[in-house]
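One structure below.
Residue numbers begin at 1 in each chain, while the letters A, B, ... track the order of the sequences.
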There are 2 protein chains.
Amino acid sequence: MSGKPLSPQELRIWHAFKMMGEDVLERVGRDISDATGLSGADFGVLSRLADLGKGQMRQQVLAQSLGWDKSRLSHHLTRMQQRQLIERQEADQRVVLVVLTKQGKAKLDAARPIHAESIRRNLLARLSQQQIETIVRVSNLLGEDV
Amino acid sequence: MSGKPLSPQELRIWHAFKMMGEDVLERVGRDISDATGLSGADFGVLSRLADLGKGQMRQQVLAQSLGWDKSRLSHHLTRMQQRQLIERQEADQRVVLVVLTKQGKAKLDAARPIHAESIRRNLLARLSQQQIETIVRVSNLLGEDV
DNA sequence: GCAGCTTGGTTGTCGCGTCAACCACTCGGC
DNA sequence: GCCGAGTGGTTGACGCGACAACCAAGCTGC
C-alpha cells in the first residue's frame, strides 16, 4: 500500500533474490542439455513419468505434479513425442496415457547422474547446512498462498 | 564424480530451491502485468533506461546491465518500439540510442509503485531480517563463477 | 592499401509458454 | 429425455529467448 519506492537496500535484496534462482537454474539446465540434449522441462517430465508412474501416467496427473497447465503440457508432449521420448496412448476414449519410450528411458538414465552432480556442484556444495535449512524454510514461507 | 543419485532429502532441497524463485518471480511479474500491461522484462528495460541513463542509453550498455545478449535485447526492443514504449535513434552510424518515450515513461511511473508493493508483499514482508541476510549471502555465494 | 580482427547491431529459425477457443465425454438435476 | 456444468485434452496465435549467421564500421599491422 504505502506508495514508497524501494530503497536501495531493498532493491539490492530483490536483485540478489532474482539472480540466485536464475543463475543456478540456468547452470543446471545447461549441464543437462549439453550432456544429453534434454531441457530441464524434458527432464522433469521424464523423471516424473518414471518415478511417480512406473513409466506411464495420465496427462492431467502429470500436469498437476509439474505445476503446469494442461495446454502447456499438451504442447510440450507433442514436441517430445516427435523426438520419440514419449508416446501417447488412448486408454479409453477421453483419457490419454503418456508412456515413456525406450529412448526416453535411456535419455533419462543418462541425464540423472548429470543432474545430481550439477545440483551438488552448483547448489549443495556451496552452502552450509544452516543456509540450506534456511532456504527450505524460506521456500515454504514464500510458497504459501498469500 | 560420485554417480550417486540424489537422496530424497537432497531432492526436497532442490525442489524447494526451484519453487522459491519461480513462485515469487511469477507473482511479481503478474502483478505488474495485470496493472500496467508491462512484462517483468519490459519493466527492467524501462527502469534501467530511466535510472541509469536519464532516459536514453546505448543498446549495448543496456544489454550489459540487464545481463542479456544483444540479440535478445534487439528483439525485445523491436517489440517495445511497436508498442511505442521506446524509440531508437541512430546517433552516429553504428551507434543506436534507445530513448524512453512519453508513453514509456508514463507506464514506468505507473508500474513502479506496483512493483515495490508486490516485492514487499511477496518477499520482504514474509521473511525475518535474519532470513533476508542469509538470502543475500547465499545469492553472492551462488553467483560466483565456479 | 588492404587483410584481418573486434565491436555494435539485425535477422531468421525454431523451441517454449500463455491465453482463449474449442471438442468430446460424463454426470447431475429436472 | 435433455440441458447445463464440469473434466480431459487439443489447437492456433502470438510474444518470448537462444543460437547462429550476417552486415557494417572502425582499428590494427604489414
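Considering all non-hydrogen atoms of both residues, Gln103(A) and Gln84(A) come closest at CB-O, 3.6 Å.
In this structure Val96(A) satisfies the side chain to side chain contact (heavy atoms under 4.5 Å, CB included) test together with Gln59(A), Arg88(A), sequence neighbours excluded. Residues passing the side-chain hydrogen bond (donor to acceptor under 3.5 Å, both in side chains) test with Glu26(B), sequence neighbours excluded: Arg30(B). Remark: Lys105(A) pairs with Asp109(A) by the salt bridge (Lys or Arg N to Asp or Glu O under 4.0 Å) rule, at least two apart or across chains. For Gln9(B), the side chain to side chain contact (heavy atoms under 4.5 Å, CB included) partners two or more places apart in sequence, or in a different chain, are Ser7(B), Arg12(B), Ile13(B). Every residue meeting the side chain to side chain contact (heavy atoms under 4.5 Å, CB included) condition with Thr36(A), not counting sequence neighbours, appears here in chain and number order: Ile32(A), Leu38(A), Ala110(A), Ala111(A).
Taking the side chain as every heavy atom from C-beta outward, Leu124(A) and Ile119(A) approach each other to under 4.5 Å.
From one end of the helix from dG1(C)-dC30(D) to dC30(C)-dG1(D) to the other, with five pairs defining each end axis, the axis direction shifts by 0° (rounded to 10°).
Rounding to the nearest 0.5 angstrom, the gap separating the CG atom in Leu97(B) from the CG atom in Leu62(B) is 11.0 Å. How far CZ of Arg126(A) is from CZ of Arg121(A): 8.0 Å, rounded to the nearest 0.5 Å.
Among residues at least two apart or in separate chains, salt bridge (charged side-chain N to carboxylate O under 4.0 Å, His left out) pairs with a member in residues 32-54 of chain B are Asp42(B)-Arg83(B), Asp51(B)-Arg112(B). For residues 15-53 of chain B, the set of pairs meeting the ring-ring contact (aromatic ring centres under 6.0 Å, His included) definition, not counting sequence neighbours, comprises Phe43(B)-His115(B).
Heavy-atom distances under 4.0 Å link DNA chain C to Ser71(A), Arg72(A), His75(A), His76(A), Arg79(A) of residues 49-80 of chain A, given in residue order.
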Please tabulate, one pair per line, each protein N/O and nucleotide N/O from nucleotides 23-28 of chain D that are separated by under 3.5 Å, including the distance.
none

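Rounding to whole angstrom units, CZ of residue Arg30(A) and P of dA18(D) are separated by 8 Å.
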Going by atom type alone, with no hydrogens or angles, which donor-acceptor pairs under 3.5 Å involve a side-chain atom of residues 129-142 of chain B and a protein atom two or more places apart or on another chain?
unit_1, atom_1, unit_2, atom_2, d
Gln131(B), OE1, Ser128(B), N, 2.9
Gln131(B), OE1, Ser128(B), OG, 3.3
Thr134(B), OG1, Gln130(B), O, 3.2
Ser139(B), OG, Ala16(A), O, 2.7
Asn140(B), ND2, Val136(B), O, 3.4

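Nucleotides of DNA chain C that come within less than 4.0 Å of any heavy atom of chain B span, from the 5' end to the 3' end, dT7(C) to dC19(C).
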